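Down below is the structure, laid out as structure tokens.
Please read all numbers here as calculations on a predicted model, not as lab measurements.
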Amino acid sequence: RATGQEEEEHLEVEGCFIYEAGSKPITDFLSEGSIKKDEEGGIVVDDEMMTDVEGVFAIGDIRNTPFKQVVVAASDGCIAAMSIDKWLKGRKSYKVDWVHK
């Protein structure tokens with residue numbers, strides 16, 4: 001049933017992606033004010049997935065992006081993993097296994 005319509009409609013599909021609008025990140029385990037959140041409760045991170053607390057990273061749905069897909073969380077995880085490695089080793093840049101010339 002489409003939003004705002006009374007009647008149900010049957011669609012022939014081979015697959016679907018179910019999106020639950022209005023879902024909120026679960027952050028009640030955090031002390032109030034311990035990590036910066038946006039107005040909708042999502043954890044705020046920089047481009048390297050680090051929060052406003054040095055050495056604390058956040059990825060996936062807890063960031064409350066409009067894209068609720070596993071590929072986004074996986075991408076966040078890759079960025080965070082490389083950023084954590086860089087941060088732990090005190091590097092100024094990422095260390096990669098390949099070099100583009």
Side-chain angles (χ1 to χ4, degrees):
R1 182 176 74 176
T3 303
Q5 293 189 2
E6 294 288 326
E7 295 182 30
E8 291 184 0
E9 179 182 357
H10 181 77
L11 301 173
E12 293 290 333
V13 298
E14 292 184 25
C16 69
F17 178 78
I18 299 172
Y19 176 77
E20 182 182 357
S23 61
K24 299 239 181 221
I26 298 170
T27 57
D28 59 350
F29 62 92
L30 297 170
S31 302
E32 191 60 39
S34 60
I35 292 180
K36 184 177 179 183
K37 298 181 216 168
D38 63 23
E39 59 279 349
E40 295 180 359
I43 303 297
V44 176
V45 298
D46 63 16
D47 289 343
E48 296 184 333
M49 301 296 150
M50 190 184 295
T51 67
D52 62 329
V53 177
E54 184 77 16
V56 177
F57 297 78
I59 64 166
D61 290 352
I62 201 166
R63 295 191 315 114
N64 202 30
T65 69
F67 312 105
K68 309 287 190 224
Q69 296 187 16
V70 71
V71 69
V72 175
S75 172
D76 285 359
C78 176
I79 293 166
M82 294 194 65
S83 298
I84 291 166
D85 180 68
K86 181 180 112 178
W87 183 78
L88 287 172
K89 301 210 170 121
R91 294 190 190 108
K92 299 219 183 281
S93 61
Y94 295 103
K95 183 178 181 184
V96 296
D97 294 337
W98 64 92
V99 177
H100 298 282
K101 291 187 181 204

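Checked by atom type, the side-chain pair H10/E8 shows no donor-acceptor distance below 3.5 Å.
Atom CG of D46 is surrounded by more than 12 heavy atoms from other residues, nucleotides or ligands within 6.0 Å. Summarising the local packing, CD1 of I26 is surrounded by 12 or fewer heavy atoms from other residues, nucleotides or ligands at distances under 6.0 Å.
Not a single donor-acceptor pair under 3.5 Å links the side chain of D38 to the backbone N or O of V44.
Between G41 and P25, the shortest heavy-atom distance links the atoms O-CG, 3.4 Å. Across M50 and F57, no two heavy atoms sit closer than the pair CE-CZ, 3.4 Å.
Here side chain to side chain donor-acceptor pair (under 3.5 Å) pairs that include residues 49-58, with residues two or more places apart or in two chains, are E54-W87.
With hydrophobic clusters built from ILVMFWY side chains whose heavy atoms lie under 4.5 angstrom apart, Y94 does not share a cluster with V45. With hydrophobic clusters built from ILVMFWY side chains whose heavy atoms lie under 4.5 angstrom apart, I79 shares a cluster with V56.
T27 OG1 to I35 CD1: the interatomic distance, rounded to the nearest 0.5 Å, is 9.5 Å. Rounding to the nearest 0.5 Å places CD1 of I59 at 8.0 Å from CD1 of I84. The CE atom of M82 sits 13.0 Å away from the CE atom of M49 when rounded to the nearest 0.5 Å.
Every residue two or more places apart in sequence or in another chain was checked for a salt bridge (Lys or Arg N to Asp or Glu O under 4.0 Å) with D61, and none qualifies. In this view, K89 and D85 satisfy the salt bridge (Lys or Arg N to Asp or Glu O under 4.0 Å) rule, not counting sequence neighbours.
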Next item on the list: Could you walk me through whether L30 and I43 pass side chain to side chain contact (heavy atoms under 4.5 Å, CB included), step by step?
Entry: CA-CA 10 Å; L30 297 170; I43 303 297; 3.5 Å; yes

